[in-house]
Protein chains: 2
Amino acid sequence: MLGGMGEVVRPDRESQWLKGVLDLAVLAVLAREGSAYGYSLLRSLADAGLPGLRGGTVYPLLGRLEDDGLVQSEWTVADGAPARRYFALTPAGRQVLAEGRDGWSSFADRMTRALEV
Amino acid sequence: MLGGMGEVVRPDRESQWLKGVLDLAVLAVLAREGSAYGYSLLRSLADAGLPGLRGGTVYPLLGRLEDDGLVQSEWTVADGAPARRYFALTPAGRQVLAEGRDGWSSFADRMTRALEV
DNA sequence: GGGCGCTAGGTAGCGGTGTCAACTAGTCGG
DNA sequence: CCGACTAGTTGACACCGCTACCTAGCGCCC
């Protein structure tokens with residue numbers, strides 16, 4: 001029964017690093033592409049350097065962004081294709097993206113310096 | 001009760017950003033200073049660009065680092081001063097710091113690019 | 001027809017960790 | 001004696017990425 005011991009899981013660092021930045025990355029993709037739907041965001045984010053994301057991560061996130069008024073969504077139905085929900089930035093979303101980008105580069109710089117020996 | 005509404009809290013982004021990097025920052029301080037105790041780390045981290053941290057954040061973290069074998073601790077008692085627990089890096093801690101630093105700068109660069117419009 | 005795989009969206013529960021708040025206890029100055 | 005500072009500790013809480021699972025429509029190939 002594998003004593004279990006003090007075993008602790010500690011997920012990948014990068015999963016932790018994504019917290020609080022992934023939403024900005026999604027806003028940035030929407031800023032570049034104008035609009036996108038959940039499944040296409042998975043590909044765009046992978047292209048942007050964030051591979052391996054799954055629906056279970058992105059769909060709840062899009063819901064939160066909509067709750068916060070940072071994106072708007074619209075269902076589209078077309079023949080020969082599954083229904084898609086397209087998302088687009090709101091003005092508030094654009095502002096949060098701009099502020100978040102500044103905050104991130106500031107934090108990333110401070111952190112990189114803090115890690116130097 | 002308490003109307004509650006749809007109110008959602010969304011803490012400061014920087015709190016989220018700290019998750020997953022703060023442990024590396026602590027290891028970096030220990031690498032620079034040789035050894036330190038919890039309360040002094042609060043000052044060192046503030047000097048290093050991470051102000052506003054509290055005991056409730058740092059002490060549990062130090063416990064986890066010790067559980068993971070990345071630091072060692074030793075209690076010291078001296079006349080005229082409260083008991084202090086000094087922490088120092090282990091070889092494993094030094095290695096985790098080195099790997100984490102590389103991983104961080106890679107991630108930070110990728111993320112900064114992903115946020116560009 | 002029947003099975004497979006892709007697209008597209010969604011939910012439930014888990015786990016790690018920073019935050020806040022509160023607590024103990026020792027030292028020193030007035 | 002009383003406050004302020006140092007030093008460490010604990011518990012409840014919120015957030016959010018992760019895994020795992022589910023539905024449904026479409027095209028393809030045997």
Side-chain angles (χ1 to χ4, degrees), chain A residues 6-26 35-46 50-68 73-87 107 111, chain B residues 2 4 6-26 35-46 50-68 73-87 107 111:
Chain A
E7 295 291 313
V8 185
V9 177
R10 311 267 190 261
D12 288 349
R13 287 191 176 280
E14 206 155 316
S15 296
Q16 289 294 328
W17 290 343
L18 276 180
K19 292 193 182 190
V21 206
L22 183 54
D23 54 348
L24 293 178
V26 167
S35 77
Y37 54 96
Y39 200 80
S40 76
L41 276 166
L42 293 175
R43 289 190 294 257
S44 298
L45 289 167
L50 301 174
L53 297 172
R54 308 261 211 123
T57 297
V58 169
Y59 291 113
L61 169 57
L62 287 168
R64 290 194 299 272
L65 292 176
E66 187 161 33
D67 289 345
D68 291 353
S73 72
E74 193 181 356
W75 280 97
T76 67
V77 275
D79 319 5
R84 294 170 177 164
R85 181 140 72 121
Y86 277 86
F87 293 85
F107 175 79
M111 202 58 222
Chain B
L2 53 90
E7 294 292 311
V8 185
V9 177
R10 311 266 187 264
D12 288 349
R13 286 188 178 282
E14 204 154 318
S15 296
Q16 288 295 326
W17 291 342
L18 273 180
K19 295 192 183 189
V21 204
L22 183 55
D23 56 346
L24 293 178
V26 167
S35 77
Y37 55 97
Y39 202 81
S40 75
L41 275 167
L42 293 176
R43 289 190 293 257
S44 298
L45 289 167
L50 300 174
L53 296 173
R54 309 261 209 119
T57 297
V58 168
Y59 292 111
L61 168 58
L62 286 168
R64 290 194 300 273
L65 292 176
E66 186 161 34
D67 289 345
D68 291 353
S73 74
E74 193 180 358
W75 280 97
T76 67
V77 275
D79 318 5
R84 292 169 177 164
R85 181 139 71 119
Y86 277 87
F87 293 85
F107 175 81
M111 201 59 222

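Order of the sequence lines fixes the chain letters, A, B, ..., with proteins taken first and strands second; residue numbering starts at 1 for each chain.
Residues Arg10(A) and Asp23(B) are not paired through a salt bridge, judged by the lack of any N-O separation under 4.0 Å between the basic side chain and the carboxylate. Ion pairing of Glu66(B) with Arg85(B) is present here, as a side-chain N (NZ or NE/NH1/NH2) and a carboxylate O approach within less than 4.0 Å.
For the pair Asp67(A) CG and dC15(D) C1', the computed distance is 14 Å after rounding to whole Å. Separating the CG atom of Leu24(A) from the P atom of dG17(D) is a distance of 11 Å, rounded to the nearest angstrom. Whole-Å rounding puts the Arg85(A) CZ to dA24(D) P distance at 18 Å. If you take CG of Leu41(B) and C1' of dT6(D), they are 14 Å apart, rounded to a whole angstrom. In this structure, the CD atom of Glu66(A) is 13 Å from the P atom of dG9(C), given to the nearest Å. When rounded to the nearest whole Å, the span between CG of Asp12(A) and C1' of dT19(D) equals 13 Å. Counting to the nearest Å, the C1' atom of dC18(D) and the CZ atom of Arg13(A) are 17 Å from each other.
For the pair Tyr59(A) and Tyr39(A), the tightest heavy-atom approach, listed with the atom from each and the gap, is OH-N, 3.5 Å. In terms of heavy atoms, Ala25(A) sits closest to Met111(B) at CB-CE, 3.5 Å. Of all heavy-atom pairs spanning Ala36(A) and Leu41(A), the tightest one is CB-CG, 4.1 Å. Shortest non-hydrogen contact noted between Phe87(B) and Tyr37(B) is CD1-CA, 4.4 Å. The two residues Gly55(B) and Pro60(B) come nearest to each other via the heavy atoms O-CD, 3.6 Å.
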Where do Thr76(B) and Arg84(B) land on the side chain to side chain donor-acceptor pair (under 3.5 Å) test, with the steps shown first?
CA-CA 5 Å; Thr76(B) 67; Arg84(B) 292 169 177 164; over 6 Å; no

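Remark: Tyr37(A) is not in phosphate contact with dG9(C), judged by side-chain N or O atoms under 4.0 Å from OP1 or OP2. Remark: Tyr39(B) is not in phosphate contact with dG8(D), judged by side-chain N or O atoms under 4.0 Å from OP1 or OP2. Contact annotation: Tyr59(B) side-chain N/O to dT9(D) OP1/OP2 distance is not under 4.0 Å.
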Could you write nucleotides 12-20 of chain C as a row of B, S and -, 5' to 3', where a protein heavy atom under 4.0 Å of any base atom gives B, of only sugar-phosphate atoms gives S, and otherwise -?
---BBBSBB

Heavy atoms under 4.0 Å is the rule here; annotate nucleotides 24-30 of chain C 5' to 3' with B where the base is hit, S where only the sugar-phosphate is, and - elsewhere.
---SS--

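Contacts of Thr57(A) classified as side chain to side chain donor-acceptor pair (under 3.5 Å), with partners at least two apart in sequence or in another chain: none.
Among the heavy atoms of the strands lying under 4.0 Å from Arg43(B) are primed sugar atoms or P, OP1, OP2 only; no base atom is included. Trp75(A) comes within 4.0 angstrom of sugar-phosphate atoms only, judged by non-hydrogen atoms across all strands, and of no base.
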